[in-house]
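A short worksheet on the structure shown next.
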Number of protein chains: 2
Amino acid sequence: MNLDLYHVFYVTALENNFSKAATKLYITQPSVSHAIKQLEEKLGVQLFIRTSKGVAITNEGETLFEYIHKVFGLIDTAEQKISELKNLESGHVTIGGSDSTCKHYLLPYIQTFQNEFPNIQIRLQHGSTPQILDKLNNGRIDLGIVHLPINDSQIQLTEFLSISSTFVVGEKYKELANKNISLEEMLNYPIISFSETSSSRSFLNQLFLKQGLSLNPEIEVGSVELLIECAKIGMGIAFVTKELVSKELSKGELFEVYLNEKIEKRNIGLVTRKNISLSVAADKFYKHLLD
Amino acid sequence: MNLDLYHVFYVTALENNFSKAATKLYITQPSVSHAIKQLEEKLGVQLFIRTSKGVAITNEGETLFEYIHKVFGLIDTAEQKISELKNLESGHVTIGGSDSTCKHYLLPYIQTFQNEFPNIQIRLQHGSTPQILDKLNNGRIDLGIVHLPINDSQIQLTEFLSISSTFVVGEKYKELANKNISLEEMLNYPIISFSETSSSRSFLNQLFLKQGLSLNPEIEVGSVELLIECAKIGMGIAFVTKELVSKELSKGELFEVYLNEKIEKRNIGLVTRKNISLSVAADKFYKHLLD
DNA sequence: AACAGCTATAGGTGGGATCTATACCATGAA
DNA sequence: TTCATGGTATAGATCCCACCTATAGCTGTT
């Protein structure tokens with residue numbers, strides 16, 4: 001299958017003239033003559049009638065042209081599309097994360113990325129960490145943002161952010177903010193935490209478990225905003241990422257409760273599939289995140 | 001533009017394996033490797049990820065594949081179609097002629113042709129001789145069948161049939177059939193002829209004009225069938241193609257009126273466009289007619 | 001008759017497509 | 001660990017053929 005013959009045919013059919021086609025193709029007229037002859041022999045039909053004033057396409061040539069015309073249209077479109085993808089003038093990136101990671105750590109990056117590459121569409125997929133890893137493995141998302149640690153041999157992991165956890169209270173329990181207290185003492189107060197399935201909660205559970213303590217929070221919520229509100233109005237001690245309450249702390253709406261032991265930092269990571277290349281757009285966004 | 005690269009890409013994308021693609025393409029693996037590399041360089045994007053167990057197509061490669069897949073589908077279809085045309089398994093022939101030429105001289109050929117090539121569609125276009133020549137020049141018909149002579153430098157003419165003209169009468173004017181009469185005498189009887197625009201009529205006009213006589217037929221009709229009927233019931237002397245009334249003559253329903261001079265034979269010709277090739281199907285039909 | 005504009009043919013040449021051979025790399029089994 | 005397997009990349013040589021130049025040959029025009 002020699003496709004270049006079809007290219008010669010295509011241009012010749014447009015020009016109805018071997019010599020002009022040759023010029024357009026940057027080859028010589030005998031080459032066109034030869035190529036058309038080859039194609040005619042291969043297909044077994046005459047494609048052009050040679051006249052003294054150029055050539056005229058035959059009926060069969062016309063039929064062939066209808067198809068070949070589309071062929072080169074498609075190739076043009078394809079090359080155009082690839083060029084757009086390459087130059088980040090089109091394409092999309094699908095990112096998976098929990099609502100809170102997306103909202104608090106991803107959104108600012110998405111905004112600056114969109115300013116720079118307005119034609120790249122950013123899509124978000126919500127899910128828990130295992131769900132995100134699953135979507136990643138199924139090719140439903142390009143990259144994920146999850147709380148660490150994770151354990152999946154198929155996954156390529158890059159640490160992204162390090163966040164501090166702390167306990168905060170509102171005006172009502174302000175006196176706790178002055179002294180270092182132990183986890184055990186804390187159990188005497190109502191605890192506000194994320195719901196059982198969240199990674200924040202399992203981190204908290206682990207914290208108590210290491211002291212042989214069992215946690216049973218009075219209040220379980222599903223969003224950072226609600227958690228902060230609950231703490232503010234004095235419903236109890238809230239376990240929260242420090243970076244997310246810095247405004248409330250500085251305004252004096254919330255007060256930090258210091259533990260008499262150090263809480264380890266938690267890490268947020270970017271996950272991609274091992275051995276699977278990111279699309280140009282996804283790769284660009286990935287690098288954008290790591291800047 | 002090297003289209004063969006796309007062919008290598010296409011097969012490789014189907015196989016996800018350079019070596020297997022090479023086998024299918026009847027080339028070696030290094031050639032595939034080289035071709036893909038060339039295409040990647042040309043497009044400026046990576047198309048495949050090389051892994052130890054073959055290759056995996058990238059996102060951009062996938063996008064390209066969607067188009068290229070269609071491209072090769074089209075080429076396959078095109079080659080299929082051309083092959084059908086070539087082998088007379090599809091296609092059509094459009095023929096132009098007057099109703100009577102079509103009916104009396106063409107129809108038998110059409111039937112036998114359709115038996116032999118049932119998938120070739122035969123289309124008929126009706127019109128007067130000048131209209132037929134016009135349609136031919138505009139490419140609306142592949143070939144025409146017309147009464148001669150014609151005068152058109154663009155037209156390629158082949159004589160097809162030679163027909164005799166004669167005068168016939170029914171029972172009523174039977175006595176005329178015994179003697180040779182002159183054209184002048186004939187004017188004493190009602191004449192039945194085709195309408196003014198027909199070539200049969202202009203032939204008849206010429207016949208009289210050569211003798212300095214002017215014809216003014218009492219009855220003008222538009223079809224051979226009607227003309228024969230008029231003659232049969234004794235409305236006058238009909239000018240008619242002899243071959244079309246042979247049955248009536250032998251049955252004794254009509255009687256031939258002999259002129260004291262010889263009427264020239266008329267010719268029917270096949271016309272095609274000069275310098276324009278017939279399609280395979282049209283050419284086949286043309287040859288079928290001349291057999 | 002000469003010209004202009006086109007295609008076909010002949011024959012020679014160079015570049016590049018393709019090949020062979022081999023390196024190299026990852027994976028899985030012994 | 002070592003070896004075998006199955007894949008891709010690279011190097012270098014070969015040789016074919018795609019393309020070129022030159023020219024013939026055809027047709028319609030000036």
Side-chain angles (χ1 to χ4, degrees), chain A residues 1-43 45-58 60-61 152-156 273-277, chain B residues 1-43 45-58 60-61 137 152-156 272-277:
Chain A
M1 180 184 280
N2 190 345
L3 290 193
D4 289 329
L5 294 185
Y6 284 116
H7 192 215
V8 176
F9 167 78
Y10 179 59
V11 176
T12 306
L14 290 174
E15 299 289 334
N16 281 317
N17 182 312
F18 282 11
S19 305
K20 284 183 189 161
T23 309
K24 283 221 165 175
L25 288 161
Y26 302 106
I27 59 179
T28 58
Q29 170 267 315
S31 298
V32 175
S33 188
H34 186 62
I36 297 298
K37 197 175 172 188
Q38 267 186 292
L39 192 56
E40 286 178 334
E41 277 168 11
K42 181 187 144 183
L43 297 177
V45 294
Q46 189 173 17
L47 297 171
F48 294 101
I49 317 244
R50 282 70 163 172
T51 75
S52 62
K53 51 173 67 173
V55 293
I57 197 160
T58 62
E60 285 76 18
D152 188 325
S153 64
Q154 297 291 88
I155 296 276
Q156 172 78 41
R273 274 214 282 176
K274 259 185 195 159
N275 299 326
I276 299 289
S277 83
Chain B
M1 180 186 279
N2 189 345
L3 290 193
D4 289 330
L5 294 185
Y6 284 116
H7 191 217
V8 176
F9 167 78
Y10 179 60
V11 176
T12 306
L14 290 173
E15 299 289 332
N16 281 317
N17 182 311
F18 281 11
S19 305
K20 284 182 188 161
T23 308
K24 283 221 166 177
L25 289 162
Y26 302 105
I27 58 178
T28 58
Q29 169 268 315
S31 298
V32 175
S33 188
H34 186 60
I36 298 298
K37 196 175 174 188
Q38 267 185 292
L39 192 57
E40 286 177 334
E41 277 167 11
K42 180 187 146 184
L43 297 177
V45 294
Q46 190 173 18
L47 298 171
F48 294 101
I49 319 241
R50 281 69 163 172
T51 74
S52 60
K53 50 174 68 172
V55 293
I57 198 159
T58 63
E60 285 76 17
N137 282 324
D152 188 323
S153 64
Q154 298 290 88
I155 296 277
Q156 172 79 41
T272 52
R273 275 214 284 176
K274 260 183 192 160
N275 300 327
I276 299 290
S277 83

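Chain letters run A, B, ... following the sequence lines, proteins first and then strands; every chain starts at 1.
In this structure, B:F48 atom CZ and D:dA9 atom C1' are separated by 16 Å, rounded to whole Å. If you measure from atom CD of A:Q38 to atom C1' of D:dC16, you get 13 Å, rounded to the nearest angstrom. Between the CG atom of A:D4 and the C1' atom of D:dC17 there is a distance of 13 Å, rounded to whole Å. Atom NE2 of A:H34 and atom P of D:dT21 are 16 Å apart (whole Å). Atom pair B:L3:CG and C:dA17:P shows a separation of 13 Å (rounding to whole Å applied). The distance between atom CD of B:E40 and atom C1' of D:dA9, rounded to the nearest whole Å, is 12 Å. Rounded to whole angstrom, the span from the CD1 atom of A:I49 across to the P atom of D:dC26 amounts to 18 Å.
Listed by first and then second residue, the salt bridge (Lys or Arg N to Asp or Glu O under 4.0 Å) pairs involving residues 23-40 of chain B are B:E15-B:K24, B:E40-B:R50 (not counting sequence neighbours).
Contact between the side-chain N/O atoms of A:K37 and the OP1/OP2 oxygens of C:dT7 is not found at any separation under 4.0 Å. Regarding contacts with the backbone of C:dT7, every side-chain N or O of A:S33 stays at 4.0 angstrom or more from both OP1 and OP2. In terms of phosphate contacts, A:R50 brings a side-chain nitrogen or oxygen within less than 4.0 Å of OP1 or OP2 of C:dA8.
When all heavy atoms of A:V32 and A:L25 are compared, the closest pair comes out as CG2-CD1, 4.4 Å. Of all the heavy atoms in A:D4 and B:L3, the pair that sits closest is OD1-N, 3.1 Å. Between B:V8 and B:A35, the shortest heavy-atom distance links the atoms CG1-CB, 3.8 Å.
With sequence neighbours excluded, no residue forms a side chain to side chain donor-acceptor pair (under 3.5 Å) with A:S19. Not counting sequence neighbours, the partners of B:T28 by the side chain to side chain donor-acceptor pair (under 3.5 Å) test are B:S31. Applying the side chain to side chain donor-acceptor pair (under 3.5 Å) criterion to B:N16, with sequence neighbours excluded, gives no partner residue. Annotation: side chain to side chain contact (heavy atoms under 4.5 Å, CB included) contacts of B:S33 (sequence neighbours excluded): B:F18, B:Q29.
Between B:L14 and B:Y10 the shortest side-chain heavy-atom distance falls below 4.5 Å.
In this structure, CD1 in A:I57 is found 10.5 Å from CD1 in A:I49, a value given to the nearest 0.5 Å. Here the CG-CD1 distance, from B:N137 to B:I155, works out to 4.5 Å after rounding to the nearest 0.5 Å.
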Can you tabulate the close N/O pairs, meaning under 3.5 Å, that link protein atoms to atoms of nucleotides 24-26 of chain C?
none

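DNA chain C lies under 4.0 Å from at least one heavy atom of each of the following residues of residues 24-31 of chain A: A:Q29, A:P30. Heavy-atom distances under 4.0 Å link DNA chain C to no residue of residues 11-21 of chain B.
Using a 4.0 Å heavy-atom distance criterion, B:V55 is classed as a sugar-phosphate-only contact.
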